[in-house]
Amino acid sequence: MSTPLKVLVIRFSSIGDIVLTTPVVRALKLQLGAEVHFLTKKTFSPILESNPYITRVIHLQNDFSTTIRELKTERYDHVIDLHHNLRSQRIKWSLGRPSTAFYKLNFEKWLRVHLRINRLPDIHIVDRYIATALKLGVINDEAGLDFFIAEHKKLDTMVRWNLQPQSYVALVTGAAHLTKCLTPDQLASLCRELQMPVVLIGGTDEKEKGDQIKGTLPDAIIVNACGQLDILQSASVVEQAAVTITHDTGMMHITAALKKPQIVIWGNTIPEFGMYPYYGHHDVPWVSFEQKDLKCRPCSKIGYSACPKGHFKCILDHSILQITAAAHSLIPSKN
């Protein structure tokens with residue numbers, strides 16, 4: 001019997017980007033029988049540790065040479081670089097093993113942002129990730145993204161908040177950059193118009209915003225879970241929600257991986273960058289809201305802490321009533 005192919009997949013960060021790599025990992029394991037190791041930052045390892053297609057999750061150490069020494073002992077047959085920066089390049093050079101890397105479209109994105117020239121290919125980043133493994137013989141199985149929640153991280157929403165599964169909306173309050181996010185006033189208006197229980201999801205830095213939203217609506221059923229849950233627990237909340245409303249965030253990709261319906265609200269970024277919700281062949285409804293005719297979009301491929309133009313129309317021009325109506329349209333019991 002031949003020894004299974006041993007493959008190292010590299011993606012250091014962040015949440016959404018790592019979730020988007022999961023079709024590659026699955027294809028390597030199921031189609032080639034490969035032993036898959038995944039190199040990432042320690043803070044993101046919980047996203048991968050329950051993935052049955054990954055044999056080993058390796059943490060990127062602060063001492064880079066320590067990481068290199070550890071990786072050399074594994075004698076990989078191939079390295080798939082899905083981060084493609086100087087550090088991942090250094091790892092490949094040090095290992096001296098056959099490798100492939102995905103094309104980041106940095107120049108095409110620069111043209112789109114700064115010169116308004118559109119050379120972006122009409123292709124999702126998942127397909128660009130898959131392309132790095134084509135020479136090994138894998139194909140895109142179109143099964144979508146994967147996200148596995150460890151049993152001890154699954155929440156009982158009835159016990160914790162007296163909320164029946166499928167009875168509430170999961171609302172992601174933040175994003176990595178403020179120019180991607182609805183304002184606190186908009187979020188509060190959204191909670192008011194939804195007229196059903198809402199669980200607010202976000203990190204510790206979103207807790208104050210969540211308290212502000214909850215405080216303006218004393219009669220509404222709002223659970224401020226911001227800063228109270230880790231990423232796996234937050235995913236469990238999404239898994240049990242009737243619908244999720246999110247910005248362009250990692251939780252958007254987790255929602256897609258869980259095959260759940262969602263509303264995606266775009267600010268300064270655009271879906272054409274290739275990182276919109278990816279469901280593969282699964283017929284899961286989702287609705288996108290963006291200010292398509294705003295000439296200053298996209299102002300960045302990532303985002304800013306404030307609108308460079310000062311008007312913030314990419315966010316402030318969103319209709320809360322339209323978002324609410326779309327959310328209700330995705331809830332089976334409402335149809």
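All residue numbers refer to positions in the sequence shown, counting from 1. These numbers were taken from a predicted model, which means no experiment stands behind them. Keep in mind that the numbers below use all heavy atoms, side chains included, and drop hydrogens, waters and symmetry copies.
The shortest distance between side-chain heavy atoms of Ile263 and Ile323 falls below 4.5 Å. Side-chain contact between Gln291 and Ile315: absent, with no pair of heavy atoms (C-beta onward) separated by less than 4.5 Å. Residues Ile270 and Lys292 are not in side-chain contact: their nearest non-hydrogen atoms beyond the backbone lie 4.5 Å or more apart. Here the side chains of Val223 and Leu200 are not in contact, with every heavy-atom distance at 4.5 Å or above. The side-chain heavy atoms of Pro261 and Trp286, taken from C-beta on, include no pair separated by under 4.5 Å. Using a 4.5 Å cut-off on side-chain heavy atoms (C-beta onward), Gln164 and Met158 make contact. Residues His328 and Met196 meet the side-chain proximity criterion, which asks for heavy atoms closer than 4.5 Å. Proximity of His37 to Val9: side-chain heavy atoms (C-beta onward) are nowhere separated by under 4.5 Å.
Of the N and O atoms on the side chains of Asp185 and Thr183, not one donor lies less than 3.5 Å from an acceptor on the other residue. A donor atom on one side chain and an acceptor atom on the other are found under 3.5 Å apart for Gln240 and Ser236. Side-chain contact of Asp81 with Ser99: a donor-acceptor pair under 3.5 Å is absent, judged by distance alone. Side chains of Gln186 and His318: no donor on one and acceptor on the other come within 3.5 Å. In this model, a donor atom of one side chain and an acceptor atom of the other lie less than 3.5 Å apart for Thr179 and Asn268. Checked by atom type, the side-chain pair Asn224/Lys209 shows no donor-acceptor distance below 3.5 Å. For the 3.5 Å distance criterion, the side chains of Thr173 and Glu206 qualify, holding a donor opposite an acceptor.
Distance alone, capped at 3.5 Å, places no donor-acceptor pair between the Glu193 side chain and the Ile320 backbone. No donor-acceptor distance shorter than 3.5 angstrom exists from the side chain of Ser234 to the backbone of Ile201, with no hydrogens or angles considered. Without hydrogens or angle criteria, Gln31 side chain to Leu28 main chain gives no donor-acceptor distance under 3.5 Å. Remark: side-chain polar atoms of His84 are not paired, donor with acceptor, to backbone N or O of Ala101 under 3.5 angstrom. Not one N or O on the side chain of Arg97 forms a donor-acceptor pair closer than 3.5 Å with the backbone of Val7. In this structure, Tyr304 contributes its side chain and Cys299 its backbone to a donor-acceptor pair below 3.5 Å.
Among all heavy-atom pairs drawn from Ser300 and Gly303, the shortest one is OG-N, 3.0 Å. The two atoms that bring Ser167 and Pro197 nearest to each other are O-CD, 3.5 Å, heavy atoms only. Closest heavy-atom contact between Ile80 and Ala133: CD1-CB, 3.8 Å. For Thr249 against Ala175, the heavy-atom pair with the smallest separation is CG2-CB, 3.5 Å. In terms of heavy-atom proximity, Ala188 sits nearest to Ile213 at CA-CG2, 3.9 Å. A pairwise comparison of heavy atoms in Tyr276 and Pro271 identifies CD2-O, 3.3 Å as the closest pair.
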Apply side chain to side chain contact (heavy atoms under 4.5 Å, CB included) to Leu258 and Ile254, showing your working.
-> CA-CA 6 Å; Leu258 295 171; Ile254 290 175; 3.9 Å; yes
Determine, stepwise, if the pair Lys6 / Glu74 fulfils salt bridge (Lys or Arg N to Asp or Glu O under 4.0 Å).
-> CA-CA 8 Å; Lys6 183 184 282 191; Glu74 294 290 350; 2.9 Å; yes
Can you check side chain to side chain contact (heavy atoms under 4.5 Å, CB included) on Phe64 and Ile68, steps first, answer last?
-> CA-CA 6 Å; Phe64 208 77; Ile68 297 296; 3.9 Å; yes
Determine, stepwise, if the pair Phe147 / Thr22 fulfils side chain to side chain contact (heavy atoms under 4.5 Å, CB included).
-> CA-CA 8 Å; Phe147 195 87; Thr22 55; over 6 Å; no
Step by step, would you call Phe148 with Tyr53 a side chain to side chain contact (heavy atoms under 4.5 Å, CB included)?
-> CA-CA 11 Å; Phe148 300 94; Tyr53 308 124; 4.0 Å; yes
Could you go step by step and tell me if Thr269 and His177 meet the side chain to side chain donor-acceptor pair (under 3.5 Å) rule?
-> CA-CA 10 Å; Thr269 55; His177 301 275; over 6 Å; no
Carefully, step by step, assess Lys154 and Glu239 under the rule salt bridge (Lys or Arg N to Asp or Glu O under 4.0 Å).
-> CA-CA 9 Å; Lys154 293 183 178 180; Glu239 187 175 42; 5.1 Å; no
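Taking the six-membered ring where tryptophan is involved, the planes of Phe12 and His83 are tilted, since the angle between them lies from 30° to 60°. Classified by interplanar angle (parallel below 30°, tilted 30° to 60°, perpendicular above 60°), the ring pair His114/Trp110 is tilted.
The line from CZ of Phe107 to CD1 of Ile117 is 8.0 Å long, rounded to the nearest 0.5 Å. In this structure, Ile125 CD1 and Lys104 NZ are separated by 9.0 Å, a value rounded to the nearest 0.5 Å. Here the straight-line distance linking atom SG of Cys181 with atom CG of Leu187 works out to 8.0 Å at 0.5 Å rounding. In this structure, Gln228 CD and Lys207 NZ are separated by 6.0 Å, a value rounded to the nearest 0.5 Å. Separating the CD1 atom in Ile54 from the CG atom in Leu48 is a distance of 4.5 Å, to the nearest 0.5 Å. Between atom CZ of residue Arg75 and atom CG of residue Leu71 there is a gap of 13.0 Å, rounded to the nearest 0.5 Å.
Within the structure, no pair that satisfies the side chain to side chain donor-acceptor pair (under 3.5 Å) test touches residues 305-317, not counting sequence neighbours.
Following chains of ILVMFWY side-chain contacts shorter than 4.5 Å, one cannot reach Val169 starting from Val172, and the two form parts of different hydrophobic clusters. When hydrophobic clusters are built by joining Ile, Leu, Val, Met, Phe, Trp and Tyr residues whose side-chain heavy atoms come closer than 4.5 Å, directly or via intermediates, Leu30 is not grouped with Leu8. If you chain together hydrophobic residues whose side chains sit under 4.5 Å apart, Leu60 and Val25 never meet in one group. In terms of hydrophobic clustering, with Ile, Leu, Val, Met, Phe, Trp and Tyr side chains grouped at heavy-atom distances under 4.5 Å, Leu178 and Phe312 are assigned to different clusters. Clustering ILVMFWY residues whenever any of their side-chain heavy atoms sit less than 4.5 angstrom apart, transitively, puts Tyr129 in the very cluster that holds Leu134.
Taking the centre and axis of the six-membered ring of Tyr279, the NZ or CZ atom of Lys259 falls outside the cone set by 45° and 6.0 Å.
Ionic pairing of Arg160 and Asp156 is not present here: no N-O contact between side-chain nitrogen and carboxylate oxygen is shorter than 4.0 angstrom. Between Glu70 and Arg56, at least one side-chain nitrogen of the basic residue sits less than 4.0 Å from a carboxylate oxygen of the acidic one, meeting the salt-bridge criterion. Residues Arg112 and Glu272 are not paired through a salt bridge, judged by the lack of any N-O separation under 4.0 Å between the basic side chain and the carboxylate. Between Lys29 and Glu35 there is no salt bridge, since none of the side-chain N atoms of the basic residue sits less than 4.0 Å from a carboxylate O of the acidic one. The pair Asp248-Lys180 meets the salt-bridge criterion, with a side-chain N (NZ, NE, NH1 or NH2) lying under 4.0 Å from an Asp/Glu carboxylate O.
For the pairing with Thr21, the side chain to side chain contact (heavy atoms under 4.5 Å, CB included) check across Leu82, Val126, Ile47, Asp146 returns one residue only, Leu82.
Remark: aromatic rings of Tyr278 and His253 are distant, center separation not under 6.0 Å.
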